[in-house]
Number of protein chains: 2
Amino acid sequence: MSPTSPPAERGDRGDSTRRALIEAAITEFARDGFHAASTREIARSAEANQALIGYHFGGKEGLYLAVFQFISEQIQARVGMAVGPIEAYLAELQDLGALTMPQREQCVALLMRLVEGMTRMFTDPNAKPWAQLILREQQSPTKAFDILFEGFMSRYLGIVTQLILRLRPELSRDEAALSVITILGQILVFRVARSTLLRHMTWPDVGPDQVDLILKQIKANLTAMLHSKD
Amino acid sequence: MSPTSPPAERGDRGDSTRRALIEAAITEFARDGFHAASTREIARSAEANQALIGYHFGGKEGLYLAVFQFISEQIQARVGMAVGPIEAYLAELQDLGALTMPQREQCVALLMRLVEGMTRMFTDPNAKPWAQLILREQQSPTKAFDILFEGFMSRYLGIVTQLILRLRPELSRDEAALSVITILGQILVFRVARSTLLRHMTWPDVGPDQVDLILKQIKANLTAMLHSKD
DNA sequence: GTCTATAGCCCGATAGAC
DNA sequence: GTCTATCGGGCTATAGAC
């Protein structure tokens, strides 16, 4: 079955244990990283036996990878749904030349929706552990990073880049790709530099009202970037 | 003298040991975080005795804080130099109304220089351990984050915000402050999402040529933001 | 598939000689 | 200030009963 299947048998019991261990592990690994998490604490939090980590995942590292596999699947289910239709739409436009005005507006709308979705995902308090794990993995990538990149990042960045290229055809592929990274930066910063954000803005927290302000700012920047004449 | 002085005596020997331990600790703490670093390994790398960490810094945590004190001072020496004169210039402009064209151009030039300095600092391979430590501290801030924020972040963000406010007087203080965060994001992303960057751009590494491209992109975005009419 | 028990290792802190 | 030696504890992995 899946590459992380237990060596023997199938059954609800084992599955629910695996699931509980993964969910507990997400919290623990996110808190202070791989090394700071202990398998004892994960097992306690999952109300499972510590030895089962070895049995189901081969060890602490196997559990870590299973966590990323799980997260990647969850995000694909959440974001990937929107990506497919856009890829189809872009393929449709492919052979055509310059965009008509309605097509252009449609592309802008799609771009905004993608950016909004990603921003909401990264600012959602429920996704905090995911975000922390992903960010940590970026700075010293292990095999887990490949799972993430292949799982959803690659596709997401790809369609955003294509949309930018459509909207600013004078850009080279590299210029468009680089501008996508700066857009990503404007989204990530609200998770990455959260402490700086709160202190600089003197916000008590990032709640729904703050997310609205953040989205307004990012969208305004994006609009400005799309109208830029350099 | 300094708050982290050893409890007794003064001398070159102790100072150089302290310094060696701090520099070794920067590397070790940066690698995989506070918990993964071991005092034994730090001492070995500093060619000092492990027990001296307790003597000079009170323990592992004291050494961690001393590392951030050191980094904060280094960055202040590097960035702070530029900040003082700009603060003075902004104070000069304070009572005046709308900017004249040459004043406006001067403000844009100062802003660009600040952004370029920060970008170069964060992309400099030598600063990689600093950047890693700073970023980790943001996500689960300890006392060390206060050292950083008070040490240089606060002043830097303050003058950038003031420059933006001068250049776009129609913005509220909060709008200007938020746009500064998105600028910060465009700089940080090249460190934070380094793995994604390399894979997405298919760059082998971030060298001087890539930094030039990055700067060009960030400056173009900034220009677009400053000319935005919303 | 789940459990207990433990082997074997590395850790941070510190007492005490110099 | 620097060193050696060690204490006490937490860790992962695993053997073996059920």
> Is A/Ser38 near enough to D/dC11 that one of its side-chain N or O atoms lies under 4.0 angstrom from OP1 or OP2?
Replying inline: yes
>> If I take atom CZ in residue A/Arg18 and atom C1' in nucleotide C/dT2, what distance separates them, rounded to the nearest angstrom?
In response: 15 Å
> Counting only heavy atoms not in B/Glu87, do more than 12 sit closer than 6.0 Å to its CD atom?
Replying inline: yes
> Between A/Gln50 (CD) and D/dA13 (P), how many Å, whole number?
Replying inline: 8 Å
> With respect to the side chain of B/Ala51, which nucleotide from C/dT4, C/dT2, C/dA15 is positioned closest?
Replying inline: C/dA15
> Reckon A/Thr17 has a side-chain N or O less than 4.0 Å from the OP1 or OP2 of C/dT2?
Replying inline: yes
> Going by number, which of residues 20-31 of chain A have a non-hydrogen atom under 4.0 Å from DNA chain C?
Replying inline: none
> For A/Leu52 and C/dT2, what is the distance between atoms CG and P respectively, to the nearest whole Å?
Replying inline: 5 Å
> How long is the line joining OH of A/Tyr55 and P of C/dC3, in whole Å?
Replying inline: 13 Å
>> Treating A/Tyr64 as the side-chain partner and A/Ala144 as the backbone partner, does any N or O pair qualify as donor plus acceptor under 3.5 Å?
In response: no
>> Is it the case that the side chain of B/Arg136 and the backbone of B/Ala30 share a donor-acceptor pair, with hydrogens and angles ignored and the cut-off at 3.5 Å?
In response: yes
> Atom CZ of B/Arg44 and atom C1' of C/dC11: how far apart are they, to the nearest Å?
Replying inline: 12 Å
> To the nearest angstrom, how far is B/Arg40 atom CZ from C/dC10 atom C1'?
Replying inline: 7 Å
>> Under 4.0 Å, counting only non-hydrogen atoms across every strand here, what does B/Gly54 touch: a base, just sugar-phosphate, or nothing?
In response: nothing
> Want to settle it: does A/Ala36 or A/Gly58 sit nearer the 5' end of DNA chain D, counting the closest nucleotide to each?
Replying inline: A/Ala36
> Contact class for A/Ala37 (heavy atom, under 4.0 Å): base, sugar-phosphate, or nothing?
Replying inline: sugar-phosphate
>> In this structure, how many angstroms lie between the C1' atom of C/dC11 and the CD1 atom of B/Ile42, rounded?
In response: 12 Å
> Is A/Asp124 salt-bridged to A/Arg191, going by a charged N under 4.0 Å from an acidic O?
Replying inline: no
> Salt bridge check: are A/Glu116 and A/Arg113 linked by an N-O gap of less than 4.0 Å?
Replying inline: no
> Parallel, tilted or perpendicular for B/Phe29 and B/Phe34, by the 30°/60° rule?
Replying inline: parallel
> Taking the six-membered ring of B/Phe149 as reference, does the NZ or CZ atom of A/Arg199 fall below 6.0 Å from its centre and within a 45° cone about the axis?
Replying inline: yes
> Could you state the NE2-P distance from A/His35 to C/dC10, rounded to the nearest angstrom?
Replying inline: 15 Å
